[in-house]
Trainee: 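After the structure tokens below, expect a handful of questions from me.
Because the structure is predicted, anything quoted here is derived from the model rather than measured. These values consider heavy atoms only, across backbone and side chains, with no hydrogens, waters or symmetry-generated copies.
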Amino acid sequence: MNTVYVVGTCDTKGSELRYLRDLVRQVGCDAVLVDVSVSEFHKEADDVDVQPSEVARFHPNPPKPEELKDRGKAVAAMSEALVEYIRSRQDIDGIIGAGGTGGTALIAPAMRALPIGVPKVLISTVASGNVAPYVGPTDISMMYSVTDVSGLNRISRVVLGNAAHSIAGMVLNKVSAAADERPAIGLTMFGVTTPCVQAVTRALEVDFDCLVFHATGTGGQSFEKLADSGLLVGGIDVSTTEVCDYLVGGVFPCTADRFGAFARTGLPYVGSCGALDMVNFGAMDMVPSQFRSRRLHVHNPQVTLMRTTPEECNSIGEWIAERLNLCEGPVRFLIPELGVSAIDAPGQPFHDPEADSALFAALERTLRRTTKRQLIRVPLHINDPQFAELLVTNFKEALRDH
């Protein structure tokens, strides 16, 4: 039986959640109703498959009872417990939830914890706004509830009904990723590293399904989410530029967990310094005042780039190397000594040998080299065809070493 987990707070959304559950069952799926209510006055209901107390037992570090009297802390604690509960289940073919701001924040992390490809639908009162904090790097489908999730009415019955039928349709009509028999690899690309990544892809696409991710913050997270989900056999992380925005304060930052998927999985990793010469901002008038006197370059009307300084490059190199030191699988990090982006070359606006030297020196000084973890410097520009060839060669070697 295909099983859909229906998740939400039954103390305030009980009729809506049972409606979702019943519709899912009517179209041929099994449905498990998981109650994650946090009200201290909520009584466990008979018409629920998993009670809040059962979910709460999965919290890795249960809070004290007095702490749970604060609703915000209670929601956060139940959210942490739900993540671990969902991770423990082996029978989830799909998951659907419904809620307002609190319920959405509670449920979304558990959905993100599931592998890419497991159907996820979240009906929410905030789904017409900025959904990035809820969706993150995953394939959650968010549906705007139109009316508040507060009882059944002529609007909510239709919206919730469409959501129930959509999750059931996804579960009952699975699309197999095995249609392409080539193993998948992930690559990161930015506009200024496009020639390099395209050359690598051309060289490998006969044997590998090459999945290219745009390094705009969520792109890198999606790249690593697929690695964590077991959907990649390795990665060629050409464009590590999101680290610049994370450390300096740009608009396309990675998270503190950048490179974490490769540390956890031991998958073969080949990386480089792609676009570590820049921090990203919006239009020129959106550049923070403290950076207005810096070396800026208008990439397009919506994106302004700022050149990283030698001091920033030193910090960036150290941070990347420290993260790579946690990786026990095959690691090859290649340094293109003649420039790290299309605009970091003689005559280009971000050409700065001093800043590049600081970056390269920090990487060399900080990375702990072993037979598996290697740092390779070459007298090439990142977009030179020969550099792409070296990336391909080293990736094939890393695969053999895995």
Trainee: What's the shortest heavy-atom distance between Ala81 and Ala56, and which atoms?
Mentor: CB-CA, 4.0 Å

Trainee: Does Asp139 use its side chain to pair, donor to acceptor, with the backbone of Gly117 at less than 3.5 Å?
Mentor: yes

Trainee: Counting N and O atoms only, with roles assigned by atom type, does the side chain of Ser145 sit under 3.5 Å from a partner on the main chain of Ile123, one being a donor and the other an acceptor?
Mentor: no

Trainee: Once the angle between the rings of Phe259 and Tyr269 is folded into 0 to 90°, is it parallel (under 30°), tilted (30 to 60°) or perpendicular (over 60°)?
Mentor: perpendicular

Trainee: Which heavy atom in Val331 sits nearest to a heavy atom in Cys327, and how many Å separate them?
Mentor: CG2-CB, 3.7 Å

Trainee: So, for Leu82 and Ile107, which heavy atoms are closest and what is the spacing to 0.1 Å?
Mentor: CD2-CA, 4.1 Å

Trainee: For the residue pair Asn2 and Val4, establish whether any side-chain heavy-atom pair is separated by less than 4.5 Å.
Mentor: no

Trainee: When you look at NZ of Lys396, are more than 12 heavy atoms from neighbouring residues, nucleotides or ligands closer to it than 6.0 Å?
Mentor: no

Trainee: Check whether any side-chain heavy atom of Val171 lies under 4.5 Å from a side-chain heavy atom of Lys174, and answer yes or no.
Mentor: yes

Trainee: Would you give the length of the straight line joining atom NE2 of His165 to atom CG of Leu20, rounded to the nearest 0.5 angstrom?
Mentor: 10.0 Å

Trainee: Pick one: which of Asp93, Asp91, Asp30 meets side-chain hydrogen bond (donor to acceptor under 3.5 Å, both in side chains) with Tyr5?
Mentor: Asp91

Trainee: Go through it in stages, so that I can follow the logic: the residues are Leu334 and Val378, the test is side chain to side chain contact (heavy atoms under 4.5 Å, CB included), and I'd like the CA-CA distance, side-chain angles, deciding distance and then a yes or no.
Mentor: CA-CA 7 Å; Leu334 277 65; Val378 293; 5.6 Å; no

Trainee: I want to check something: taking the side chain as every heavy atom from C-beta on, are Met286 and Val251 in contact at a cut-off of under 4.5 Å?
Mentor: no

Trainee: Could you measure the distance from the CD1 atom of Ile116 to the OG atom of Ser229? Nearest 0.5 Å is fine.
Mentor: 5.5 Å

Trainee: Got a donor-acceptor contact below 3.5 angstrom from the Ser37 side chain to the Cys10 backbone?
Mentor: yes

Trainee: How long is the straight-line distance from CG of Leu122 back to CZ of Arg112, given to the nearest 0.5 Å?
Mentor: 10.0 Å

Trainee: Arg369 versus Glu364: any side-chain heavy-atom pair under 4.5 Å?
Mentor: yes

Trainee: Hey, does Thr309 have a side-chain heavy atom less than 4.5 Å from the side chain of Arg294?
Mentor: yes

Trainee: Parallel under 30°, tilted from 30 to 60°, perpendicular over 60°: which one fits the rings of Phe58 and Tyr85?
Mentor: perpendicular

Trainee: Tell me, with the steps shown, if Cys210 and Ile185 meet side chain to side chain contact (heavy atoms under 4.5 Å, CB included).
Mentor: CA-CA 5 Å; Cys210 297; Ile185 61 174; 4.0 Å; yes

Trainee: Indicate yes or no for a side-chain donor-acceptor contact from Thr304 to the backbone of Met284 under 3.5 Å, with no hydrogens or angles considered.
Mentor: yes

Trainee: Give a yes or no on whether the backbone of Arg307 and the side-chain of His297 come within a donor-acceptor separation of less than 3.5 Å.
Mentor: no

Trainee: With rounding to the nearest 0.5 Å, note down the distance linking CG in Asn280 to CG in Asp245.
Mentor: 4.5 Å

Trainee: Which distance, rounded to the nearest 0.5 Å, do you find between the CG of Leu160 and the OG1 of Thr147?
Mentor: 7.5 Å

Trainee: For the pair Glu16 (side chain) and Gly151 (backbone), establish whether a donor and an acceptor sit closer than 3.5 Å, ignoring hydrogens and angles.
Mentor: yes

Trainee: Let me see the working for Val238 and Phe387 under side chain to side chain contact (heavy atoms under 4.5 Å, CB included), right down to the final yes or no.
Mentor: CA-CA 11 Å; Val238 175; Phe387 189 75; 5.6 Å; no

Trainee: Taking NZ, NE, NH1 and NH2 as the nitrogens, is one of them in Asp47 or Arg21 under 4.0 Å from a carboxylate oxygen of the other?
Mentor: yes

Trainee: Donor-acceptor pair, Arg373 side chain versus Leu326 backbone, under 3.5 Å?
Mentor: no

Trainee: Flag the pair Arg157 and Asp22 as a salt bridge only when some basic side-chain nitrogen lies within less than 4.0 angstrom of an acidic carboxylate oxygen.
Mentor: no

Trainee: Can you name the closest pair of heavy atoms from Gly271 and Leu391 and give their distance?
Mentor: O-CD2, 4.5 Å

Trainee: Distance-only, no hydrogens or angles: does the Thr9 side chain make a donor-acceptor pair with backbone N or O of Val38 under 3.5 Å?
Mentor: no

Trainee: Can you find a pair of side-chain heavy atoms, one from Thr201 and one from Met189, that are under 4.5 Å apart?
Mentor: no

Trainee: Side chains of Asp237 and Thr188: any donor to acceptor distance under 3.5 Å?
Mentor: yes

Trainee: In a table with atom names and distances, give each donor-acceptor pair under 3.5 Å that connects a side chain of residues 214-221 to protein atoms at least two apart or in another chain.
Mentor:
residue, atom, partner, partner atom, Å
Thr216, OG1, His214, O, 3.4
Gln221, NE2, Gly217, O, 3.3

Trainee: Mind checking whether Phe208 and Phe395 have ring centres under 6.0 Å apart?
Mentor: yes

Trainee: Under a 4.5 Å cut-off applied to non-hydrogen side-chain atoms, are Cys29 and Leu172 in contact?
Mentor: yes

Trainee: Salt bridge or not between Arg365 and Glu318? Use side-chain N to carboxylate O under 4.0 Å.
Mentor: yes

Trainee: Indicate the atoms forming the closest heavy-atom contact of Pro52 with Met78, along with that distance.
Mentor: O-CE, 3.8 Å

Trainee: Is any side-chain N of the basic residue among Arg258 and Glu224 closer than 4.0 Å to the acidic one's carboxylate O?
Mentor: yes

Trainee: Taking the side chain as every heavy atom from C-beta outward, state whether Val279 and Phe291 have any pair of such atoms under 4.5 Å apart.
Mentor: no

Trainee: Whether Asp257 and Arg264 form a salt bridge (side-chain N of Lys/Arg under 4.0 Å from carboxylate O of Asp/Glu) is what I want to check.
Mentor: yes

Trainee: Do other residues, nucleotides or ligands put more than 12 heavy atoms under 6.0 Å from Glu354 CD?
Mentor: no

Trainee: State, to 0.1 Å, how close Ala388 and Ala199 come at their nearest heavy-atom pair, and which atoms those are.
Mentor: CB-CB, 3.6 Å

Trainee: Step by step, work out the side chain to side chain contact (heavy atoms under 4.5 Å, CB included) result for Ile320 and Leu276.
Mentor: CA-CA 11 Å; Ile320 289 173; Leu276 291 180; 3.7 Å; yes

Trainee: Measure from the side-chain N and O atoms of Thr193 to the backbone N and O of Cys196, and report whether any donor-acceptor pair falls under 3.5 Å.
Mentor: no

Trainee: Parallel under 30°, tilted from 30 to 60°, perpendicular over 60°: which one fits the rings of Phe252 and Phe190?
Mentor: perpendicular

Trainee: Can you tell me how far CG of Leu324 sits from CG of Leu367, rounded to the nearest 0.5 angstrom?
Mentor: 6.0 Å

Trainee: Are the side chain of Ser239 and the backbone of Thr241 linked by a donor-acceptor contact shorter than 3.5 Å?
Mentor: no

